[in-house]
Amino acid sequence: MGNTSLAGRKILLGVSGSIAAYKTVFLTRLLVREGAEVRVIMTPSAAAFVSPLTFSTLSRNPTRHELMSESEWHNHVELGLWADLFVIVPATAHTLSGMAEGRCDNLLLAVYLSARCPVWVAPAMDLDMWSHPATRRNMARLVADGVRQIDVGDGELASGLSGPGRVAEPEALLEEIRHFLAPAPVFEGMEVLITAGPTREALDPVRFLTNHSSGKMGVALADEMARRGARVHLVLGPAAAAPCHPGVETIPVVSATEMMEAAATVFPRCRIAIFAAAVADYRPATTATGKIKKQGDSLSLELVKNPDIAASLGARKQKDQVLAGFALETDAGEEEARKKLKAKRLDLIVLNTLQDAGAGFGTDTNKVTFLTADNKTRRFGLKSKKEVAADIADELACLVQAAP
Ligand code: CTP
């Protein structure tokens with residue numbers, strides 16, 4: 001009897017027309033052996049490389065490739081709702097472009113548009129196709145739409161050329177899928193504090209000082225940690241983003257002082273604290289009780305320092321607590337981030353720079369570097385904020401396991 005870590009998990013495999021489709025045959029076998037329920041859909045050209053019957057036999061489910069058939073015309077909706085995860089492997093340049101454009105002229109593309117589950121693509125193509133600006137553009141758009149790209153391999157290609165463009169190996173894909181759908185229960189029942197969003201510092205009853213933070217990164221983290229079994233206390237400033245997972249308790253706050261108070265209350269019982277909020281460093285020395293009236297040609301405001309939430313809770317950190325923060329830097333990023341890591345007694349700091357296209361405030365993507373207290377540095381490419389949240393959760397899992 002094999003490992004059944006994927007028992008009951010529903011995985012939809014989308015196969016597009018590449019010689020690499022033969023590897024999806026092996027992946028189907030591996031997933032079924034792991035206990036997953038697998039269904040396969042193909043583009044018409046994929047069926048020229050591997051017979052649908054091969055997939056039907058291995059998956060023990062009928063393989064579908066027709067969008068329009070008398071009995072099955074509504075399948076794309078049903079399949080899109082059924083799956084826990086939709087993996088398109090191999091994903092050709094043509095299929096990536098159809099997905100990026102929202103085209104709907106085959107079953108695979110129609111299911112993509114109907115899918116409510118996470119969607120991954122494992123591209124496979126020749127190296128020049130992979131590096132072509134059109135493919136780069138399509139891939140960037142898909143990542144911004146929330147699709148996860150599995151890294152391509154580098155090596156011998158079917159054309160005889162050598163370089164990047166090989167589809168991920170079935171064993172590596174199985175590992176990724178297992179990691180995603182059946183992660184080790186490191187965070188099960190663990191209490192986690194997350195600060196997120198901006199703060200508002202009132203000048204008078206109608207005006208305030210604030211910043212551009214959307215709260216999206218912190219909220220994505222709250223959902224990801226809850227999905228992995230944590231009990232999350234999300235201390236959230238006035239942001240548009242809101243968590244979806246029922247395992248997240250949201251504590252709404254407005255000012256930095258309120259955020260400090262709420263965070264300090266839950267901190268002692270939390271094993272992990274993540275400081276994702278963009279806290280205003282200063283607040284007006286006084287808040288006028290009535291609306292400040294227009295006066296002369298200039299107006300000076302006196303500001304006083306707000307509490308540094310990460311630093312003050314870092315100073316109270318217990319041995320088994322793991323703390324993570326963010327740093328947004330425009331210059332000398334890694335050096336500045338390391339200083340903050342030390343000063344605030346963090347175990348991990350996630351650095352992002354506003355210089356990277358697609359990274360920063362309000363966007364759905366982010367490009368980050370992890371710096372850890374044990375002097376390690378990991379740089380990542382552009383990813384969706386959901387994916388960055390998953391990478392942070394993975395890093396925290398390692399840190400928690402290493403903590404006493
Ligand atoms: N932070 C915090 N409370 C503050 C300021 C920052 O908890 N009053 C946290 C942020 O949530 C983040 C980390 O500290 O995790 C770094 O925030 P950042 O604004 O980059 O650093 P500052 O210490 O405010 O330094 P500066 O603004 O001068 O770069």
Side-chain angles (χ1 to χ4, degrees), residues 100 118-121 136-151 176 179-180 192 194-199 211-228 232 234 236-237 239-245 248 272-279 310 323-338 340-341 344 346-372 376-399:
V119 179
W120 296 3
V121 290
R136 305 281 86 236
R137 218 167 34 235
N138 289 333
M139 204 55 254
R141 191 191 279 188
L142 287 172
V143 170
D145 288 345
V147 171
R148 173 172 175 194
Q149 186 224 305
I150 303 293
D151 288 342
E176 290 284 344
H179 186 67
F180 181 73
V192 173
I194 301 179
T195 67
T199 62
N211 57 61
H212 289 298
S213 169
S214 62
K216 282 182 184 170
M217 192 62 243
V219 166
L221 261 166
D223 279 332
E224 180 63 26
M225 295 299 284
R227 200 182 66 74
R228 298 187 187 204
V232 179
L234 174 67
L236 183 62
C244 313
H245 199 286
V248 180
I272 297 175
I274 307 169
F275 305 104
V279 186
L323 271 48
F326 282 76
L328 181 73
E329 304 291 346
T330 46
D331 306 299
E334 293 189 13
E335 207 179 306
E336 288 302 309
R338 268 214 184 276
K340 286 180 189 175
L341 178 87
K344 303 190 189 208
L346 305 174
D347 300 279
L348 164 69
I349 195 150
V350 180
L351 166 69
N352 46 58
T353 59
L354 283 177
Q355 283 145 347
D356 295 311
F361 289 134
T363 61
D364 290 318
T365 49
N366 217 352
K367 194 169 169 198
V368 300
T369 302
F370 289 177
L371 303 146
T372 47
K376 293 204 181 97
T377 305
R378 279 179 73 196
R379 299 180 186 89
F380 295 82
L382 189 68
K383 294 185 175 206
S384 70
K385 285 189 175 170
K386 272 189 192 166
E387 270 187 81
V388 174
D391 289 337
I392 295 172
D394 287 346
E395 189 69 36
L396 288 170
C398 295
L399 292 170

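A quick note: this is a predicted structure, and the numbers were derived from the prediction, not measured. Positions are given from 1, in the same order as the sequence printed here.
- With sequence neighbours left out, the side-chain contact (heavy atoms from CB on, under 4.5 Å) criterion links Ala222 to Ile194, Val232, Leu234, Val248.
- In this structure, Glu176 and Trp120 have side chains that are in contact, with non-hydrogen atoms separated by less than 4.5 Å.
- Interatomic distance, Asn352 CG to Thr369 OG1, rounded to the nearest 0.5 Å: 8.5 Å.
- Proximity of a side-chain donor or acceptor of Asp145 to a complementary backbone N or O of Val147 within less than 3.5 Å is not detected.
- When all heavy atoms are compared, the tightest approach of Gly146 to Ser384 is CA-CB, 4.2 Å.
- For Thr372, the side-chain contact (heavy atoms from CB on, under 4.5 Å) partners two or more places apart in sequence, or in a different chain, are Leu348, Asp374, Lys376, Glu395.
- Nearest heavy-atom pair across Lys385 and Ser214 is NZ-OG, 4.4 Å.
- Taking each heavy atom of Ala324 and Leu396 in turn, the nearest pair found is CB-CD2, 4.1 Å.
- Of the inter-residue distances, the one linking Leu341 atom CG with Glu334 atom CD reads 12.0 Å to the nearest 0.5 angstrom.
- The distance from the CD1 atom of Ile274 to the CD1 atom of Ile272 is 6.5 Å, given to the nearest 0.5 Å.
- Going from atom NZ of Lys383 over to atom NZ of Lys367 covers 12.0 Å, rounded to the nearest 0.5 Å.
- Between the OG1 atom in Thr195 and the CG atom in Leu221 there is a gap of 10.0 Å [rounded to 0.5 Å].
- The main-chain N or O of Ala278 is found under 3.5 Å from a side-chain atom of Asn211 such that the two form a donor-acceptor pair.
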Exercise. When you look at Arg378 and Val368, which way does the side-chain contact (heavy atoms from CB on, under 4.5 Å) test go after all the steps?
Worked result: CA-CA 9 Å; Arg378 279 179 73 196; Val368 300; over 6 Å; no
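- The heavy-atom pair separating Arg228 from Ala390 by the smallest distance is NH2-O, 3.3 Å.
- For Ala337, the side-chain contact (heavy atoms from CB on, under 4.5 Å) test picks out Ala327, Ile349, Leu351, Leu371, with sequence neighbours left out.
- Phe180 places a side-chain heavy atom less than 4.5 Å from the side chain of Arg227.
- A 4.5 Å side-chain heavy-atom check between Lys386 and Glu224 finds every atom pair outside the cut-off.
- For the atom pair Ile150 CD1 and Arg148 CZ, the distance stands at 4.0 Å (nearest 0.5 Å).
- Taking the side chain as every heavy atom from C-beta outward, Met217 and Ile392 approach each other to under 4.5 Å.
- Under a 3.5 Å cut-off, the side chain of Asp347 and the backbone N or O of Leu323 do form a donor-acceptor pair.
- A donor-acceptor pair is defined here as one N or O able to donate and one able to accept, closer than 3.5 Å; such a pair exists between the side chain of Asp223 and the backbone of His245.
- Here the closest non-hydrogen pair linking Val219 and Ala196 is N-CB, 4.5 Å.
- Remark: Arg379 is not positioned above the aromatic ring of Phe370, lacking an NZ or CZ atom under 6.0 angstrom from the ring centre and at most 45 degrees off the axis.
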